[in-house]
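First the structure, in the form of structure tokens, and then the observations on it.
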There are 2 protein chains.
Amino acid sequence: MKLTILGCYAATPRTITNPTSQVLEIKNRMFLIDCGEGTQVQLRKNKIKFSSINHIFISHLHGDHFYGLVGLISTFMLLNRQTDLHIHGPKGIKEIILLQLKYSNSYTGYNLYFHELSATKSEIIFEDEKVIVKTIPLKHRIYTNGFLFQEKIGERKLNIDEVQKHNIETCYFQNIKNGKDITLDNGTIIPNAKLTFDPPKPKSYAFCSDTMYDETIIPIIQNADILYHETTFLETEADKAQKTMHSTAKEAAKIAQLANIKHLILGHYSTRYDNIELFKEEAQTIFENVTLADDGKTFDFN
Amino acid sequence: MKLTILGCYAATPRTITNPTSQVLEIKNRMFLIDCGEGTQVQLRKNKIKFSSINHIFISHLHGDHFYGLVGLISTFMLLNRQTDLHIHGPKGIKEIILLQLKYSNSYTGYNLYFHELSATKSEIIFEDEKVIVKTIPLKHRIYTNGFLFQEKIGERKLNIDEVQKHNIETCYFQNIKNGKDITLDNGTIIPNAKLTFDPPKPKSYAFCSDTMYDETIIPIIQNADILYHETTFLETEADKAQKTMHSTAKEAAKIAQLANIKHLILGHYSTRYDNIELFKEEAQTIFENVTLADDGKTFDFN
């Protein structure tokens, strides 16, 4: 699992900082999370293969989280994309995108599917054989979801030494990986636990931006390996955080602590702060394992 | 008159090139022309004072000419803009912008006026005491206008030596600048032509992007000082130019020649070309005074 931060600053794109967008590579799936203005340029700068993105998740319809989406959809057209593209986002996103395509008299050569969200309870919005994605309902000024990306438990790993010792043929390997015991020709049953190792523990990534401090998300993100939690303000601006329905660094850390997260990543800094290290310092008064997101930063969780 | 090219490449923003946007400073007015994705960042990079822009002119509703507009409008909100903002652009632009503001539950603290265009003949869309702006109806795949910016003829300049020679009091200066003759106390009439010099010749700038070769624009732009004319393709791709309703460098030059333009600026290059010098070479086979636009380039016409 690998996370690339394309942008992690609040409100408005600047010369050196970008609004929210991330690419999560999980089990060879490439998910784009939020798509602020300039995301397509950030994708290029970070050498992300555009065409591998088939699912885009939009947290909410504030500009710093989706104004780059229509441009990316248009660029996919120009690049002659053929593969289906799925957009998961709040109700309204389809109307906004299609209106712009209509006025530009443009038609995507690929199928463009909108999966509009309006539920206020966590729901599964994507699932295949390896990954599951659930919403994390957040509390912000408009309808907002975070997203929980979970790897599914994989196949068991063959214990090659044991398998060879019993001369088991390769045609049985898949059954063994699936957890089956093996009966040898002489009638001996070899239990699966002897022939295999546990699969790697599945990882999970929770993306929460933007939201005010909200303990109701804890059961949803409980025990996640990584939590990206917005922290627009420091405690010195707690009043502004409350007024604009954002979180402080301390609040983000408290959520990480209560949800038993392994690794907290902070982002969505207000551009009023020149020194983002202060966010880390404030969070670490509550929760030790904190890293600051920054544009172009990559986290490899393998 | 000063022109700053924020972006002049076709189709899609890239790491090093930007879609169409320009700032024209004319008689202390600051006009933004087109607003592709990333324009607000380009404004910052080129140190343009955001707040001085009160009028934005959008040629057409293809993304590379206006996807940055909603972000700029939002940033003006965040910057707590109070001054009126006027958007001149094709019918539909109001619906597109307001739909996005509606879903983000945002309200501008300033008055936002939309002046939607649908005429197919040239019309005056802005006029004050110093500047006039007219549309240049263009032929493209969707409804498109170029814009002709004309300085109005200014006041006559005082000939200080002559004025002092006749001991004319300062309270008459404005009348003299306005072209009036002066009668001295002894009854002598001093004709205005003796007291003044001609004002500087008013300048004009014609912006034409995007369009196929179209001689019907010639009477509108005739004798303009500067013509920015798109040239997406070279003659080697004339078939693509025709199919997509764009111009070649040679065609842009032919328009400049026929319209008796003083200075031709080329831009809107297809990103397929690595060497944009070829556009200049091709245009100069027809018209000598050609300059290539490039992102961040400034033209000072004073």
Side-chain angles (χ1 to χ4, degrees), chain A residues 10-19 36-47 50 60-79 89-106 140-144 244 270-272, chain B residues 10-19 36-47 50 60-79 89-106 140-144 244 270-272:
Chain A
T12 170
R14 298 185 306 170
T15 314
I16 46 159
T17 67
N18 296 277
E37 184 175 350
T39 292
Q40 55 179 318
V41 173
Q42 284 297 95
L43 284 168
R44 287 187 201 271
K45 271 192 189 157
N46 289 280
K47 303 195 191 315
F50 274 47
H60 65 304
L61 297 182
H62 279 155
D64 54 332
H65 295 258
F66 91 102
Y67 279 170
L69 180 60
V70 66
L72 183 60
I73 288 171
S74 302
T75 294
F76 278 138
M77 272 189 257
L78 292 167
L79 297 176
K91 194 168 156 43
I93 198 162
K94 181 178 177 178
E95 188 184 354
I96 289 171
I97 299 297
L98 294 190
L99 184 71
Q100 292 180 82
L101 297 185
K102 183 190 89 172
Y103 276 114
S104 70
N105 201 23
S106 299
H140 193 44
R141 302 195 304 278
I142 56 172
Y143 178 75
T144 304
T244 59
S270 162
T271 49
R272 77 182 56 222
Chain B
T12 170
R14 300 185 305 170
T15 314
I16 45 157
T17 67
N18 296 277
E37 184 174 350
T39 292
Q40 55 179 319
V41 174
Q42 284 296 96
L43 284 168
R44 288 188 200 272
K45 271 192 191 158
N46 289 279
K47 304 195 190 315
F50 273 48
H60 65 302
L61 297 181
H62 279 154
D64 53 333
H65 295 258
F66 90 102
Y67 280 170
L69 180 61
V70 67
L72 183 61
I73 287 169
S74 303
T75 294
F76 278 137
M77 273 188 258
L78 292 167
L79 297 176
K91 195 167 156 41
I93 198 162
K94 181 178 178 177
E95 187 185 354
I96 289 170
I97 299 297
L98 293 190
L99 184 72
Q100 292 179 83
L101 297 185
K102 183 190 91 173
Y103 276 113
S104 70
N105 201 23
S106 300
H140 193 44
R141 303 195 303 277
I142 57 172
Y143 178 75
T144 304
T244 59
S270 162
T271 49
R272 77 181 56 222

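The chains referred to below are lettered A, B, ... by the order of the sequence lines, with proteins before strands, and numbering in each begins at 1. Just so it is clear, the values below take in all heavy atoms, side chains as well, and ignore hydrogens, waters and symmetry mates. What you see is a predicted model, and the numbers here were worked out from it, not measured in a lab.
The contact between A:S74 and chain B is made entirely by side chain atoms (from C-beta outward), counting heavy-atom distances below 4.5 Å. A:F66 touches chain B through its side chain: at least one heavy atom from C-beta onward sits under 4.5 Å away, while N, CA, C and O do not. Only the side chain of A:I142 comes within less than 4.5 Å of a heavy atom of chain B; its backbone N, CA, C and O stay farther away.
Heavy-atom minimum distance, B:T15 versus A:V41: CA-CG1, 3.9 Å.
Interface summary for chain B: among A:L101, A:T75, A:V70, the most heavy-atom pairs under 4.5 angstrom belong to A:V70. Residue with the most contacts toward chain B among A:H65, A:R44, A:H62, A:K45: A:R44 (heavy-atom pairs, distance under 4.5 Å). With chain A as the partner, the residue from B:G63, B:G38, B:P90 showing the most heavy-atom pairs under 4.5 Å is B:G38.
Proximity of B:L43 to B:L72: side-chain heavy atoms (C-beta onward) are separated by under 4.5 Å at one or more points. For the pair A:R141/A:H60, no side-chain contact is recorded, criterion being any heavy-atom separation below 4.5 Å from C-beta on.
Within the structure, every pair that satisfies the side chain to side chain donor-acceptor pair (under 3.5 Å) test and touches residues 90-100 of chain A, not counting sequence neighbours, is listed here: A:E95-B:Y103.
Side-chain contact, B:Y67 with B:T39: no donor N or O sits under 3.5 Å from an acceptor N or O.
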